[in-house]
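Take a look at the structure below.
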Amino acid sequence: MDLRIDMPLVLLLLLPLFLYFGWTYFHERQRLKRSHIVVLTIRIVAAGCLVFALAGPYLLLPIKEEQIVYLVDRSASMNGTEDEMVQFIQESLQSKKEPQLAGIYSFSSTLQTEAILSKTLKEVPKLTEIKATDQTNIEQSLQLASGIIDPKKATRLVLLTDGNETKGDALEFATKLKGSNISVDIKPFSQPVVNDVSLKSFVSPQVAYVGEQQQLVTDIHATSAGQGELLLYENDELIHREAVELTEGTNVFTYKHAATAEGLVKYEAVVQVGQDAIFENNKLTSVTMVQSEPHLLIVNGYETASPIAAALGSQSIAYDVVAPKSLPNELSSYLQYNAIVFDNVPGHLVGEAKMSVIEQAVKNFGVGFTMVGGENSFGLGGYFKTPIETLLPVEMEIKGKEQLPSLGLVIVLDRSGSMQGSKLELAKEAAARSVEMLRDEDTLGFIAFDDRPWEIIETGPLNSKEEAVDTILSVTPGGGTEIYSSLAKAYENLADLKLQRKHIILLTDGQSQAGNYEDLIGEGKEEGITLSTVAIGQDADANLLEALSDMGSGRFYDVIDEQTIPSILSRETAMISRTYIEDNPFYPAIYNAAGWNSLFANGVPQMNAYIGTTAKQGATVVAENEKEDPVLAQWQYGLGKTFAFTSDSTGKWTGDWARWQNWGAFWQTLISQMLPSYNDVAYDVRLEADGSFMITDPTNEAAFLDIVAVNEAGEELETQLETISASQVRAVVQAEPGLIFFRIADEKQAIYQAGLSVPYSAEYELLPVNNQLIEELTQRTGGTVLKEPQDVFRDFTTKGADRQNIATWLLLASMLLFFIDITIRRFGWNFLTNAKKKEPLVEEKTIPEDTNVAQLLKGMKKRS
């Protein structure tokens, strides 16, 4: 047991107390009685107790139990050491004493439990799988372990690691352990590496011009001499393959390449060898801004040659024409273009993942975008509530829905076990979108099936869209797959309804038992019911589903990419009403819009048809028909300019426009207005050693820049900006290894693009044990570098103790003594000691005997 005081300086208050009581005693000692001395003593002790209580005294009561926590580093740099670490722990547990508790935890970027703290741990359990191994965060593991243990008990944290932390600062946290019951022991382990080849750096010029010879420089490190192969890619296309001789140590290779791609061009270097310990460090990317004339991407939805490319001619802006299915997934592939045109492109051939990437290219990098009408475009193309609808100046919904024919839609959705996960979630979302496209007076039914049909929403008028959407989204997966009975139920529900359009959409990813589909669908056609089918995945019976859609006069969709399911259902919902197409010839009204009026100086040609849409608030309508439906609309979306041309490009709908002398000039004007305005200021963007990005503005207006970071998947990244000076801004970006793109815009919204490569984690570098960190961490915490397993359970130099505060007891003692003091002063010393008898309060006096009274008393005695 040990007595300690939190604030010893408070004890200095005892000096004036002792001086006061001492002075009182020596000056009054001649008159002091025994009782006075007792009272003075009581007062001194009471005041002393009060001062001691203010000083914060406490007792440390020893605790016999001790805690040992193993922290096992299972990051990528420790691959191949797990068995060795488990054996070390197992051997050390043989030395565990009875009052000692032990627990095992593993960590990489975070901590997870393998065996909780207990006295009974004798065997090492099988370590659980750990997913994220690309970081080592020793600081966080120490911090979390400190929260698990009892801080009153003596604790030893045993780290099994190579000491190479890639995240956090363990030494900084170690200072917080000073003075605590926690010490840190470390047993160093290192990854056994026989042969490893890694790319240390890959550099391409920040800026280049088309046709200019660029130097692509690779720095390859090899642990031993050997042969390898170096591959270089430009925008994912192989441009160079070379067999290389590698010497032990550093190998530098330079390749000269004339840039052919334009815009932000991604270069990638890959080194391959026969035997390699770490594959993750064999690839690096770099980005070069290749400056050139504007470049256009035309996505052609027709099976024939692009009508827009024909209208532009060979002397216009440079362009590439691709099919919808060939659209890339990466943001870098779109940033090489200045503008994109979707010409009659169905949404289900694009998918929402690619739509999201395009939306980011428009919003944050100023890439222009135009959608051109046709039977597979706008609402009929399945773009309702997609990222493409978000960026366009028009909505897919149309005015005058009261003019639409009465509709009846039944969605038959597979909810079997094989649909569990993203397939079912996307299918439910798609069904919910379809509901939102219907009118309140339309008819809706929803059947979910597994081995039998479940009528989730009975076929009838759509009274509440919100309630129907919530019901659909609540569907959970079930058992097997049985299509026929569910389809028969849908036909039965629609058959007797008096509606102008009746349609069934069947979605499934499986196969079913045979049924008499021909009679079922034939009878349904007599009642005006049509059927479309969607086969999800390779396990679906595509042949059956395609045959059903043919018999049902509908459409068949063979879905490989699950992301396209929502576009398919919204397209089907729009297709059941052909009134989306306005096909009465008219002369569009042209409004005063900059750059357009000169084209129509000699009049406006007649147009045959267009797709009905609704202009968004804030959009500029350049041309519209007499119903005030937009034919050509534009607006600003983020940094990009977007257009909607609701007629087509073939002449079938545009009519006289396609034979108009200014037809080519019309497209050139539209494209020129889409092009972004780029900033001529060359901002310098560099990756710092701490993983942040430093952006330098030569105009000294860094504080006014609008900076956005986006990854290859088109996802906007969380970015924290810190102004360092008038010319520099630090950007801390939460980014995974790979390409990251910066969009920098000034107050005039002039755009500057930059791309940088975030290299692979240092976890995949071949590094020796970090002995410096290990030694310093153990020294700061009072631990040691372990050599033998039994050293883990050696005696503790600092014992655990339970702190018992005694200030309250001292305060109570002081109050009691003061109460005794007051009692003595009020009632006297004899009240407590009873040493003398109690004195009478009133003094007795002798009463003189009165003569008459005496005689009277004598007479009374005689008579008695």
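Taking 4.5 Å as the limit, every side-chain heavy atom of F793 sits out of range of all side-chain heavy atoms of R156. Within the 4.5 Å cutoff, no side-chain heavy atoms of K122 are placed close to those of L93. When side chains are defined from C-beta on, L199 does not count as touching D219, because their heavy atoms never get closer than 4.5 Å. Looking at L71 and L160, their side chains never come closer than 4.5 Å, going by heavy atoms from C-beta outward. With contacts defined as side-chain heavy-atom distances shorter than 4.5 Å, the pair N195/D276 does not qualify. Considering only heavy atoms from C-beta on, V685 comes within 4.5 Å of I744 through its side chain. Side-chain contact between F107 and L144 is absent, with no heavy-atom pair separated by less than 4.5 Å. Between Y70 and S92, the closest side-chain pair of non-hydrogen atoms falls below 4.5 Å.
Counting non-hydrogen atoms of neighbouring residues, nucleotides and ligands closer than 6.0 angstrom, the NZ atom of K167 reaches no more than 12 such neighbours. Enclosure of atom CD1 in I5 by more than 12 non-hydrogen atoms of other residues, nucleotides or ligands within 6.0 angstrom is indicated. Within a 6.0 Å radius of NZ in K131, no more than 12 heavy atoms belonging to other residues, nucleotides or ligands are found. Heavy atoms of other residues, nucleotides or ligands lying less than 6.0 angstrom from CD of Q420 number 12 at most. Atom CD of E722 has more than 12 neighbouring heavy atoms from other residues, nucleotides or ligands inside a 6.0 Å radius.
Without hydrogens or angle criteria, S761 side chain to E763 main chain gives a donor-acceptor distance under 3.5 Å. At least one donor-acceptor pair closer than 3.5 Å links the side chain of Q90 to the backbone N or O of V124. In this structure a side-chain-to-backbone donor-acceptor pair under 3.5 Å is present from E139 to D169. At distances below 3.5 Å, at least one donor-acceptor pair connects side-chain atoms of E712 with backbone N or O atoms of S332. Panel note: side chain T155, backbone K153; a donor-acceptor pair is recorded below 3.5 Å. A donor-acceptor pair is defined here as one N or O able to donate and one able to accept, closer than 3.5 Å; no such pair exists between the side chain of D791 and the backbone of L786. Proximity of a side-chain donor or acceptor of S814 to a complementary backbone N or O of L810 within less than 3.5 Å is not detected. Side chain of N181 to main chain of P151: a donor-acceptor pair is present (N/O by atom type, distance under 3.5 Å, no hydrogens or angles). K266 contributes no side-chain N or O that, together with a main-chain N or O of S286, makes up a donor-acceptor pair within less than 3.5 Å. With hydrogens and angles disregarded, a donor-acceptor distance shorter than 3.5 Å links the side chain of T161 to the backbone of G163.
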Let me see the working for F88 and K187 under side-chain contact (heavy atoms from CB on, under 4.5 Å), right down to the final yes or no. CA-CA 9 Å; F88 178 87; K187 171 60 178 175; 3.9 Å; yes
Audit row: I149, L117, side-chain contact (heavy atoms from CB on, under 4.5 Å) steps and yes/no: CA-CA 8 Å; I149 53 94; L117 271 171; 3.7 Å; yes
Kindly indicate, with the supporting measurements, whether the criterion side-chain contact (heavy atoms from CB on, under 4.5 Å) is fulfilled by M694 and I724. CA-CA 9 Å; M694 189 65 71; I724 304 299; 4.2 Å; yes
Under the criterion side-chain contact (heavy atoms from CB on, under 4.5 Å), I'd like the reasoning laid out for R794 against V792: C-alpha separation, chi angles, the key distance, then a yes or no. CA-CA 6 Å; R794 69 188 185 280; V792 172; over 6 Å; no
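A pairwise comparison of heavy atoms in F173 and Q143 identifies CZ-CA, 3.4 Å as the closest pair. Nearest heavy-atom pair across V244 and E229 is CG2-N, 4.1 Å. Nearest heavy-atom pair across T784 and D185 is N-OD1, 2.9 Å. The heavy-atom pair separating E736 from D134 by the smallest distance is OE1-OD2, 4.0 Å. Across every non-hydrogen atom of L121 and A102, the tightest pair is CD2-O, 3.7 Å. Contact between E91 and P789 at its shortest, heavy atoms only, is OE1-CG, 3.3 Å.
Using a 4.0 Å cut-off between charged side-chain N and carboxylate O, R74 and E114 make a salt bridge. Residues D706 and R743 are paired through a salt bridge, judged by an N-O separation under 4.0 Å between the basic side chain and the carboxylate. Under 4.0 Å is where a charged nitrogen must lie from a carboxylate oxygen, and between K119 and E65 at least one such pair does.
Residues F693 and F742 bring their aromatic ring centres within 6.0 Å.
With respect to Q272, the side chain to side chain contact (heavy atoms under 4.5 Å, CB included) criterion is satisfied by exactly one of L231, V197, L230, N282: L231. The only member of N711, V287, V710, L756 that meets side chain to side chain contact (heavy atoms under 4.5 Å, CB included) when paired with L739 is V287. Remark: of the listed residues N164, I278, D196, V769, I278 is the sole one forming a side chain to side chain contact (heavy atoms under 4.5 Å, CB included) with Q191. Across N137, L777, L171, I138, a single residue satisfies side chain to side chain contact (heavy atoms under 4.5 Å, CB included) together with E165, and that is I138.
Side chains of S75 and S108: a donor-acceptor N/O pair is absent below 3.5 angstrom, by distance only. Checked by atom type, the side-chain pair T223/E248 shows no donor-acceptor distance below 3.5 Å. E245 and Q227 are linked by a side-chain donor-acceptor pair at a separation below 3.5 angstrom, with hydrogens and angles left out of the test. Inspection of the D162 and S77 side chains reveals an N or O donor paired with an N or O acceptor under 3.5 Å.
Atoms CZ and CG, from F52 and L811 in turn, are 13.0 Å apart once rounded to the nearest 0.5 Å. If you take OH on Y683 and CD1 on I707, they are separated by 9.0 Å, rounding to the nearest 0.5 Å. Taken from CD1 in I774 to CD in Q779, the straight-line distance is 12.0 Å, to the nearest 0.5 Å. Atoms CD and CD1, on Q87 and I89 in that order, are 11.0 Å from each other to the nearest 0.5 Å. Put simply, CZ on F741 and CG on L717 are 11.0 Å apart, with the number rounded to the nearest 0.5 Å. Note that the CD atom of Q67 and the CD atom of Q100 stand 10.5 Å from one another [nearest 0.5 Å].
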